[in-house]
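Note sheet for the following structure.
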Protein chains: 2
Amino acid sequence: MTASWQSLATQKREAILAAIPSEWRIPHPPSVEEQVDVTEYIKQFLSQEELEVTESSADQIAVKTTTGQWSAEKVTRAFCHRASLAHQLLHCLHEIFFDAAIEDAKRLDAHYAQHKSPIGPLHGVPVSLKDQFHVKGVETSMGYVGWIGTFEGKKGTGKEKVFESEMVRELRNAGAVLYCKTSVPHTLMTGETVNNIIGYTLNPKNRHLTSGGSSGGEGALIGIRGSPLGFGTDIGGSIRIPAAFNGLYGLRPSTGRLPYEGMANSMDGQNSILSVVGPLAKSAASLRLATKALLLQKPWLHDPLVHEVPWREDQHEEMLRLTTSDEKLCFGLIATDGIVNPTPPVRRATNLVAEALRSAGHTVIPWNSPSHKPILDTGFKSWVFDGGKDVCSAFALSGEPMADQVSFYSSDLKEATGSEIAATNVELRRLKKEYMDFWNSTVDATGTGRPVDAVICPLAPWPAAREGKYKYYGYSTWVNALDYTSVVVPVTNVDKSVDVKEEGYTPIDEADKGVQDDYDPEIYDGAHVSVQIVGRKLQEEKMLAVAEYVGGLIGK
Amino acid sequence: MTASWQSLATQKREAILAAIPSEWRIPHPPSVEEQVDVTEYIKQFLSQEELEVTESSADQIAVKTTTGQWSAEKVTRAFCHRASLAHQLLHCLHEIFFDAAIEDAKRLDAHYAQHKSPIGPLHGVPVSLKDQFHVKGVETSMGYVGWIGTFEGKKGTGKEKVFESEMVRELRNAGAVLYCKTSVPHTLMTGETVNNIIGYTLNPKNRHLTSGGSSGGEGALIGIRGSPLGFGTDIGGSIRIPAAFNGLYGLRPSTGRLPYEGMANSMDGQNSILSVVGPLAKSAASLRLATKALLLQKPWLHDPLVHEVPWREDQHEEMLRLTTSDEKLCFGLIATDGIVNPTPPVRRATNLVAEALRSAGHTVIPWNSPSHKPILDTGFKSWVFDGGKDVCSAFALSGEPMADQVSFYSSDLKEATGSEIAATNVELRRLKKEYMDFWNSTVDATGTGRPVDAVICPLAPWPAAREGKYKYYGYSTWVNALDYTSVVVPVTNVDKSVDVKEEGYTPIDEADKGVQDDYDPEIYDGAHVSVQIVGRKLQEEKMLAVAEYVGGLIGK
């Protein structure tokens, strides 16, 4: 008789905990009610040195570790410790491999001692990975009980715990230290992180709320500074949602920029809207460091889906120059997409950014684009082209139930046909062309001689969703459907005395009413509030420059 | 009662002929037997000045027309005349719009007279277009009787004869003069050009043979110098086949380099192996001129499928430098793909190129790549994802029969499901990755410190196919399946006294036997023989440099 999914899940959950050294255990972790915000709480368990290291951003760490000021081992141990604490408070880890990390760190230190030079720009920087990356010596469950002890659900492939994803190889080449893999919702297709192994991943700033998803473990872990830099994936917002909900910067690059090769995925081979991989961190400079480091590895020679587009420093610098020169920038502003309105704190954050830019001399104009409604309707189709076959077969491996958050896969879905898929692709291309033509047309309204440089847009209607209440993806998903570049920028925190519910609010419709009703200032108090900066396809250099600039302006 | 497809086809065929001015008619066009090779025959109908203009390559013409030495009108009239003659001998035109062309040419001349400068790098260069491009004032039948009088089979769209494809706009911006659209096989999915409107397009060098397909009208027209530069499309070889069969250079760029936006197509929305658009011409320099001119128009701002990859002059120059420096290049040689062997003249052409490169000091090594068999088997699946629905519905519009060459669409095909398509995409990606890793591994064998710079490969087993005998697409299609860059280079002509059938040849299998049996030196005598130069994804600059260099070496 095979083990029940419950016992397999329990075993795995306990094995994760057991990988945390006993001296790093929290004797009596507080309940959510006892400690809603654990971002300060966690510090009591850390030494001064550990705090100094872990409160630093990845770019700041790299300055120290690539010049021999901090050893890779010291930095790695500090983050292993903090990540261990984080998991006990938030349930954010799927895999822990601290011993291998410390061995790697020692090798890096030995290299530095011998050569007096780093092996790459990420020398000694700990990097956490969403549990889609394959790392040798480590399992990939992707939140499925049925994947435990297998390679992507299959046994005896010879790849189990041996195969590594392409980006893992590149990160190692760049000097990164890999030490843990982070939680995801099973299926990857929700903005909350929940599965039958680790349960529900909490938001460290406000444990009433989700850490986001599907890269929710990354969001929680980096949010509480258990990692300085991590990688997630994004097919409908899954990098940006956790970034936004945890006060982080997160880059959703366009398709074909960073290497997804050799990663586990849901509905692999769905080719209409591709999931992309990208970094999350507490500073825009960290995202830039990570993106440049990877592009230096020429991923286009190792991943057939990556285009040969090296890091374009000239584009980055040109955009930075425009922020300070007399020429200035022009931004489009999406205050609402007209389908679901942002809740009060998100509205305030969006306005804060717009006002800061205006004060700095830039122009901010309304973004009167084509409606996002058909873009979303068409885009969502691609998520169920296989009628749910892929995810249902993964659940069937163990017999585990699917979470309510992804229960749309259990309903009566029909597989799409070749001609239906083709028609969706044609429609997506038409919508992209229409939006592109609109963007070009803004040249007449900017006063800069250029079309709008970037668009300011909410990333979700709320600062973060409450458990089971992630009901609207439109603010993140339009970016995926159009394959645009987007960087999340943290802006402020909910202040229940300021971000009150709007009296006499007239909802657009029932969907909007549901979202507005779920916003409760008492519950949301203190939560992070963010916006995204959206650019055209493959504009990573420019949008990282704008994000860094905007972040600097609003002082986060 | 609606008109029969026969009468509609006849009307259209006669309307094409009627658009040719009476003074340009050939009173008694010779039969194929009377005049197998018409490339010299045609010259008797042209003036010395017309001959001088039309025997020039596009890059040579551009030198004259962008400096005011030749008027756009004179050049345009000469090509209109020669194209008219070509059509009467080869059946290569679907649309003739000489009057609009001459008006455009006059406007260009007026611009030059006023400003003493050209409007763009293609100022005054006539450009022919495969009948997938939409041009205002002109129909697009794509060889379907049912498309006559419609916009892609639909009536009353408001786009009929008004809408223009994106590349048409860009070509006009660059100064090109558009004057005709060229024949295609209905469905576009064969290497011969045949449809119920114009019949069968013949090869001007040897009218026993096909001009190729699906850009067969382009191949025939440019082959007989009725156009100096044309654009075709390629999903399985459709640019390179007509280029190779007509002694031309032809570029198959990688997906996302040149703008396909707004063109008619078959099975539009099939997203696994995309058709790409690219130039054909009698010189590599002409291809370079056209590609650079288009990239100067920043097509990535107007076509959502184009990546922002400007023309990289540094890559082009570096490759040219390597051809002449002491460092030299290393080529991989595909003498046979092991599935179907090349016939004697193609074998000779491939060896000629390899020997010329060796004599020039370069290294040529066998290309022991992964087998092309699974690449082809997987790639071909994408052509019938819709079970033939799209093309069958186009035939059904008029009730016309499909040609034998595409009769695989009339057999009992099943539409693929979402998960079958996804599985094909995963397999294609795996095969690309495997090939990519192999290519990287050649660094150990080249002696240059680089992996192989380019691969020399036949484009088809024969110099050209005989009517109804295009049986094997493997030599062209592996390039599409892997999304590589390829440039066809003309090498030699069949010499029946040299290219004799191999005595005692042992065929690989029945398929190979069929191909070898169809080769007859008597029939093929004089036909063009070509090879292709294949590079990795998005290596247009480098492969155009290599093609130009190889073309120079072998003296064609």
Side-chain angles (χ1 to χ4, degrees), chain A residues 166 254-257 260-262 265 267-272 300-309 312 315 382 384-390 393 413-437 439-440 451 482-483 536-539, chain B residues 166 254-257 260-262 265 267-272 300-309 312 315 382 384-390 393 413-437 439-440 451 482-483 536-539:
Chain A
E166 167 59 19
S254 289
T255 305
R257 198 75 207 264
Y260 212 105
E261 174 65 34
N265 200 0
M267 294 162 289
D268 193 14
Q270 181 274 100
N271 243 11
S272 298
W300 51 87
L301 296 179
H302 304 279
D303 180 339
L305 299 190
V306 173
H307 319 312
E308 184 183 334
V309 182
R312 296 160 299 189
Q315 295 200 3
S382 68
V384 290
F385 275 160
D386 75 346
K389 258 194 180 176
D390 174 66
S393 70
L413 293 170
K414 221 179 111 278
E415 263 198 278
T417 64
S419 39
E420 286 165 354
I421 291 171
T424 304
N425 291 334
V426 170
E427 179 63 4
L428 266 177
R429 195 182 65 217
R430 189 190 70 75
L431 291 161
K432 284 178 181 174
K433 172 63 172 163
E434 184 182 43
Y435 215 96
M436 175 174 249
D437 288 343
W439 200 312
N440 290 335
L482 299 177
D483 200 17
R536 303 170 79 142
K537 192 175 79 159
L538 292 170
Q539 298 306 309
Chain B
E166 167 60 19
S254 289
T255 305
R257 198 76 207 263
Y260 212 104
E261 175 64 36
N265 199 0
M267 294 162 290
D268 194 13
Q270 181 274 101
N271 243 10
S272 298
W300 51 87
L301 296 179
H302 304 280
D303 180 338
L305 299 191
V306 174
H307 319 312
E308 185 184 332
V309 182
R312 296 161 298 189
Q315 296 199 5
S382 68
V384 290
F385 275 161
D386 76 344
K389 259 193 176 174
D390 174 67
S393 71
L413 293 171
K414 222 179 112 274
E415 262 198 278
T417 64
S419 38
E420 286 165 353
I421 291 171
T424 304
N425 290 334
V426 170
E427 180 63 5
L428 265 178
R429 196 183 64 218
R430 188 190 71 74
L431 292 162
K432 285 178 181 174
K433 171 64 173 163
E434 183 182 42
Y435 214 96
M436 174 175 252
D437 288 344
W439 200 312
N440 289 334
L482 299 177
D483 199 17
R536 303 172 78 144
K537 193 175 80 161
L538 293 170
Q539 299 305 309

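Basis for what follows: all heavy atoms, side chains included, without hydrogens, waters or symmetry-related copies. The chains referred to below are lettered A, B, ... by the order of the sequence lines, with proteins before strands, and numbering in each begins at 1.
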Counting heavy-atom pairs under 4.5 Å with chain B, the top scorer among Leu482(A), Thr424(A), Asp303(A) is Asp303(A)
Counting heavy-atom pairs under 4.5 Å with chain B, the top scorer among Glu415(A), Arg536(A), Arg312(A) is Glu415(A)
Taken to the nearest 0.5 Å, the spacing of Ile421(B) CD1 from Asp386(A) CG works out to 11.0 Å
Of Gln270(A), Lys537(A), Gln539(A), the largest count of non-hydrogen pairs under 4.5 angstrom with chain B goes to Lys537(A)
Could you check whether atom NZ of Lys389(B) has more than 12 heavy atoms from other residues, nucleotides or ligands sitting under 6.0 Å from it?
no
Whatever's closer than 4.5 Å to a heavy atom in chain B on Gln315(A) counts as side chain
Looking only at Glu308(A), His302(A), His307(A), most heavy-atom pairs under 4.5 Å shared with chain B are made by His307(A)
Heaviest contributor of heavy-atom pairs below 4.5 Å to chain B, chosen from Val384(A), Asp437(A), Val306(A), is Val306(A)
CG of Asn271(B) to CG of Leu305(B), rounded to nearest 0.5 Å, is 7.5 Å
Rounding to 0.5 Å, atoms OG1 (Thr255(B)) and OH (Tyr260(B)) come to a distance of 10.5 Å
ask   = Can any side-chain N or O of Asn425(B) pair as donor or acceptor with the backbone N or O of Gly269(A) at less than 3.5 Å?
value = yes
- For the pair Asp268(A) and Asp390(A), evaluate side chain to side chain contact (heavy atoms under 4.5 Å, CB included) and give the outcome as yes or no after the intermediate values. CA-CA 8 Å; Asp268(A) 193 14; Asp390(A) 174 66; over 6 Å; no
From the list Pro304(B), Ser254(B), Gly262(B), Gly418(B), the residue making the most non-hydrogen contacts under 4.5 Å with chain A is Pro304(B)
Of Met267(B), Glu261(B), Glu427(B), the largest count of non-hydrogen pairs under 4.5 angstrom with chain A goes to Glu261(B)
So, the part of Trp300(A) with a heavy atom under 4.5 Å from chain B: the answer is backbone
The reported gap from NZ in Lys432(A) to OH in Tyr435(A) (rounded to nearest 0.5 angstrom) is 13.5 Å
